[in-house]
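Whatever order the structure lists ligands and atoms in, that order sets their numbers, starting from 1. Since we're looking at a predicted model, the values are computed, not measured. Starting from 1, each residue takes its place in the sequence as its number. Only this structure's heavy atoms are used, side chains among them; waters, hydrogens and symmetry mates stay out.
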Amino acid sequence: MARLDVQETFHDILFPGHLHTQESLQRAVSFLFQDTDILIVSYPKSGTTWMQEIVTLMSHRGDAHINQTVPNWARAPWLEQFYSAAVLEASTSTHRVITTHLPHQLLGPALQGSKAKVIYVSRNPKDAVVSFYHFHKIANFLPEAGTFPEFLNKFLKGTLSYGSWFDHIKGWTSQMAVMDNFLHITYEEMLMDLPGAIRRLSSFLQCPLAEDEVKSCVQHCSFSSMKNNKMVNYTLIPENIMDHSKGSFMRKGKTGDWKNMFTEDQNQYFESVFRSKMQDCALEFVWELQ
Ligand code: A3P
């Protein structure tokens, strides 16, 4: 049987070969965006699936029918994954919702001059790396996670699949100053005040919602609703691809889980790498690194 965890290298970044081909990656970086497109951008494990759910719900004014009948990858496909071309071609939506984990250095040229609305979701990298580590244990299309210290080192070096978190956030958030169709929102903000985050998104997407519609969105994209929705909890993915006996995609849905995983030394090292890699970045982060 062919191995599932073979990775595809594209511009020095590894991508799971189970979902990506050279052709699909090449097609993504030369994609012709429409001005009406909504692009959700994130480094893995930063709240991507949550944002897909929120945007779908908002476009249907809080009605969860689509969310409960169509898998997230079919309503907000990952641009760089091999099946997205067919999904996008078949789309009849006036506002296509597209997802990507590609760094700005790869996708930026295709977006240049486009009025597509870009939603960048980021998360405290300490929580993202812990979530990614657990995800590696269930996703058979990703390489062996190894021990947590080994995994953390790869994260800090930027050698995990999908590349460097630091390059990702710096590349995309550099667009805040130059693109007026760009919104940066964090996992932490969504967790702290979901109705507020939905209102902010609704204003950015020019999709006004009545208060009861906001309430309905909040209810359907809560962690417990999503955990129980098989269109978004990835239990539709066969066992050989995601081993559901080893954990669930909707794992904890919290902030600060890194504290259960990092040793004091790892934390200190993380902080020093973070400081040095982010010194040229003027961003203020809502999450607390401490
Ligand atoms: P944890 O592993 O920390 O629980 P992505 O979709 O980018 O892969 O991110 C997955 C992470 O988002 C997982 O984090 C998952 O539990 C969390 N998540 C998904 N939906 C959520 C929700 N409605 N509320 C809070 N966290 C959510």
Under-4.0 Å heavy-atom contact with ligand 1, by part of [X] that carries it:
| X | value |
| --- | --- |
| C221 | backbone |
| M250 | both |
| S225 | neither |
| F249 | both |
| R123 | side chain |

Test item, M226 contacting ligand 1 (heavy atom, 4.0 angstrom): yes

Enclosure of D12 CG (heavy-atom neighbours >12, cutoff 6.0 Å): no

OH (Y269) with more than 12 external heavy atoms under 6.0 Å: no

So, for [X] and [Y], is the gap between ring centers shorter than 6.0 Å?
| X | Y | answer |
| --- | --- | --- |
| Y120 | H168 | yes |
| F10 | H20 | no |
| F155 | F132 | no |

Nitrogen or oxygen atoms of S131 and ligand 1 under 3.5 Å apart: yes

N/O separation below 3.5 Å, G47 to ligand 1: yes

Atoms of ligand 1, numbered as shown, that sit under 4.0 Å from any heavy atom of [X]:
| X | answer |
| --- | --- |
| K252 | 4 (O) |
| T49 | 5 (P), 6 (O) |
| S222 | 23 (N) |
| T48 | 5 (P), 6 (O), 7 (O) |

CA sep, side-chain torsions, deciding dist, call: N72, Y234, side chain to side chain contact (heavy atoms under 4.5 Å, CB included): CA-CA 9 Å; N72 61 320; Y234 294 93; 2.8 Å; yes

Member of I38, L88, I40, V41 meeting the side-chain contact (heavy atoms from CB on, under 4.5 Å) criterion with I98: L88

Donor-acceptor contact below 3.5 Å, side chain Q105 vs main chain G171: no

Worked verdict on E80 versus L25 for side chain to side chain contact (heavy atoms under 4.5 Å, CB included): CA-CA 5 Å; E80 57 275 20; L25 288 156; 3.9 Å; yes

Atom 25 (C) of ligand 1: nearest protein contact (heavy atom, Å): Y187 OH, 3.4 Å

Identity and distance of the protein heavy atom lying nearest atom 8 (O) of ligand 1: K45 NZ, 3.1 Å

